Each structure stands twice: as structure tokens, then as C-alpha cells.
Amino acid sequence: MSNLEMVEYLKRQGYLKSKRVESALLATDRADFTGSPYCDSPQPVARGQTISAPSVVAFMLEHLDVRSGMKVLEIGTGSGYNTALLSRLVESGKVISFEFYDEVFEVAEKNLKNFKNVEIYLGDGSAGHEKQAPYDRIIVTAAMPSLDDDHPLIRQLKHDGKLVAPVGSRYHQDIVVFDNSKKTRAKVLPVIFVPLRGKLGFTSI
Ligand code: SAH
């Protein structure tokens with residue numbers, strides 16, 4: 001399989017819908033970020049962390065609805081694959097991404113060195129990053145135990161901001177799409193992600 005065939009597969013399966021997300025996926029060879037890049041399954045990074053299956057990545061990005069010029073916060077850089085896609089989607093905008101584990105951070109740093117509109121930080125992103133708030137979009141790529149209306153991540157969204165995150169228990173979550181302008185939340189896909197660590201993550205794993 002090739003990157004192109006992977007993208008065609010994601011379109012056929014209905015995970016990938018828009019030209020914008022399709023172009024970002026075509027321009028980003030998943031082989032630059034992981035082994036066995038083109039099969040639709042999670043892949044290991046380091047420290048027992050895994051990067052999501054491309055179908056889940058595409059599906060979350062479709063719901064995130066990223067436009068050119070936006071400021072996007074990502075929690076869970078992992079391999080940097082999703083960060084690279086976000087970088088292409090924001091174009092003149094900016095991506096700020098947090099990774100908890102230093103070994104994983106080092107991998108991401110290497111993989112993302114040519115992405116000029118990306119800032120990556122080593123540390124706990126579970127309560128967001130107040131310093132550069134508010135954000136147009138926030139995406140969390142590790143499982144969140146809860147997402148209350150007064151959660152710091154929601155408070156760091158712009159009025160018309162959107163947040164996409166897996167929310168639930170340790171072994172079962174739903175991808176939740178939160179729309180700040182309508183104050184609505186929709187559960188769009190059942191998933192299993194690695195747990196979010198840190199202050200607002202899972203304490204025992
Ligand atoms: N989006 C990534 C996959 C991320 S896997 C990719 O495309 O490769 C989830 C990542 O979240 C893991 O690397 C994990 O170490 C990280 N993580 C977990 N808790 C975190 C926290 N509190 N802050 C920042 N990163 C966290």
C-alpha cells in the first residue's frame with residue numbers, strides 16, 4: 001500500500017470527506033512518522049504510547065474543521081503525524097502542541113523540525129496552555145476522564161471555538177465534538193485511546 005492508496009481507502013470508507021483534509025493527508029507521508037504506515041491501525045511511538053489509526057485521525061480532523069490562519073492547540077503530540085496535518089491545515093496560522101513524555105517528545109521534535117508554524121512543548125497539557133489562549137480549535141489525542149463545562153480546555157476556546165477529544169473511562173471513550181458557539185456536544189465515534197496523564201488526566205493507569 002502507498003500513502004495515496006491509504007487516502008483512497010479512507011475516502012471510500014467515509015472517514016475522509018473534505019478536499020482540505022484530503023490534501024493535508026496526501027501531502028504528509030505517514031511513513032515519515034511511523035513503521036507500517038499505511039495500514040489502518042494504531043502504531044507504537046515510544047514509552048508504550050501509540051499513534052491513532054489513520055481513519056480516526058482523518059475523522060477527528062473532519063470534525064475539527066480547521067481553517068487557514070487559525071491557532072490550534074493539540075494535547076498529545078505523539079509521533080507528530082497529526083501535528084503535521086494540523087500544520088498544513090492552518091497554513092498561515094499556528095499549531096501549539098504538548099507532549100508529556102520526554103522520549104516521545106524527542107521523536108516528535110525530530111519529525112517536526114521542518115514545520116515552521118508548529119511549537120511543541122514538553123509537559124503536561126491536560127489543563128491546556130493559558131498563556132496563548134484563546135484558541136480557535138483544541139484537539140486532544142489521549143483519553144480524557146471528563147470534560148465539564150468549566151474545564152480549562154473549554155475556557156481556553158474562542159467564542160466560536162471547537163474542541164474534539166476522546167472522553168470516557170480508561171478502556172472506552174467516545175470522540176466528543178464540543179461547539180462553543182452553540183454550547184453543544186456530540187458523541188461521534190466510540191474509540192480506545194491511550195490515557196491522558198497529568199493533573200486532569202487519569203491518575204492511576
Ligand atoms: N496525535 C499523535 C498520537 C498521540 S498518542 C500522533 O499523531 O502521533 C497520545 C499522546 O498523548 C502520547 O504520546 C502521550 O504521551 C501523550 N499525552 C498523554 N498525557 C498527556 C498530557 N497530559 N499532556 C501532553 N501529552 C500527553
Side-chain angles (χ1 to χ4, degrees), residues 3 6 10 15 21 24-25 27-64 66 72-89 95-112 115 118-132 135 137-147 151-153 156 163-168 170-171 173 175 189 191-205:
N3 200 62
M6 180 192 83
L10 298 176
Y15 295 110
V21 177
L25 280 157
T28 312
D29 191 345
R30 201 161 179 264
D32 294 340
F33 297 86
T34 180
S36 309
Y38 309 127
C39 52
D40 191 19
S41 66
Q43 296 294 326
V45 194
R47 286 292 296 265
Q49 304 305 306
T50 54
I51 87 169
S52 308
S55 52
V56 177
V57 174
F59 191 78
M60 288 177 84
L61 288 178
E62 290 290 5
H63 281 282
L64 197 62
V66 180
V72 179
L73 176 67
E74 176 189 51
I75 312 302
T77 324
S79 68
Y81 176 62
N82 190 55
T83 325
L85 295 170
L86 289 170
S87 158
R88 295 205 155 99
L89 289 167
V95 183
I96 296 132
S97 184
F98 274 78
E99 173 52 50
F100 191 77
Y101 291 111
D102 49 4
E103 287 159 59
V104 182
F105 176 81
E106 280 165 27
V107 174
E109 219 177 15
K110 251 184 245 135
N111 289 346
L112 293 167
F115 291 81
V118 168
E119 279 174 19
I120 53 174
Y121 295 94
L122 172 63
D124 177 13
S126 65
H129 183 55
E130 191 74 61
K131 222 168 157 186
Q132 298 200 48
Y135 302 97
R137 301 287 186 261
I138 299 178
I139 180 165
V140 186
T141 63
M144 298 179 71
S146 60
L147 181 69
H151 193 286
L153 288 180
Q156 288 169 30
L163 180 151
V164 175
V167 185
R170 174 67 182 83
Y171 295 106
Q173 309 95 35
I175 297 289
L189 187 73
V191 286
I192 305 174
F193 272 67
V194 296
L196 186 71
R197 306 297 316 277
K199 200 171 131 215
L200 297 179
F202 286 88
T203 42
S204 61
I205 57 167

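Position 1 is the first residue of the sequence; numbering continues from there. Being a predicted model, the structure only gives us computed values, none of them experimental. Remember, it's 1-based here, ligands and their atoms both numbered in the order they're listed.
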At what distance, to the nearest 0.5 angstrom, does CD1 of I139 lie from CG of L153?
12.0 Å
Below 4.5 Å, heavy atoms only, C-beta onward: do [X] and [Y] meet side chain to side chain?
X    : Y    : value
F193 : V140 : no
L86  : L61  : yes
F33  : Q43  : no

Test item: Y135 side-chain N/O and H129 main-chain N/O as donor-acceptor pair under 3.5 Å:
yes
By side chain to side chain contact (heavy atoms under 4.5 Å, CB included), which residues pair with E109, not counting sequence neighbours?
F105, I120
At the 4.0 Å heavy-atom cut-off, does [X] count as touching ligand 1?
X    : answer
T77  : yes
V57  : no
A108 : no

Side-chain donor-acceptor contacts of residues 74-81 below 3.5 Å, not counting sequence neighbours, with atom names and distances?
| residue | atom | partner | partner atom | Å |
| --- | --- | --- | --- | --- |
| E74 | OE1 | T83 | OG1 | 2.6 |
| E74 | OE1 | S97 | OG | 2.6 |
| E74 | OE2 | N82 | ND2 | 2.8 |
| T77 | OG1 | S97 | OG | 2.8 |
| T77 | OG1 | F98 | O | 3.2 |
| T77 | OG1 | E99 | N | 3.4 |
| S79 | OG | Y81 | N | 3.1 |

Atoms in ligand 1 with a heavy atom of S126 nearer than 4.0 Å
22 (N)
With heavy atoms of G125 as the reference, note each atom of ligand 1 found under 4.0 Å away.
21 (C), 22 (N), 23 (N), 24 (C)
For ligand 1, which part of [X] has a heavy atom less than 4.0 Å away: the side chain, the backbone, both, or neither?
X    : answer
Q49  : side chain
V104 : side chain
V45  : neither

The protein heavy atom nearest to atom 9 (C) of ligand 1 is T141 O, 3.2 Å
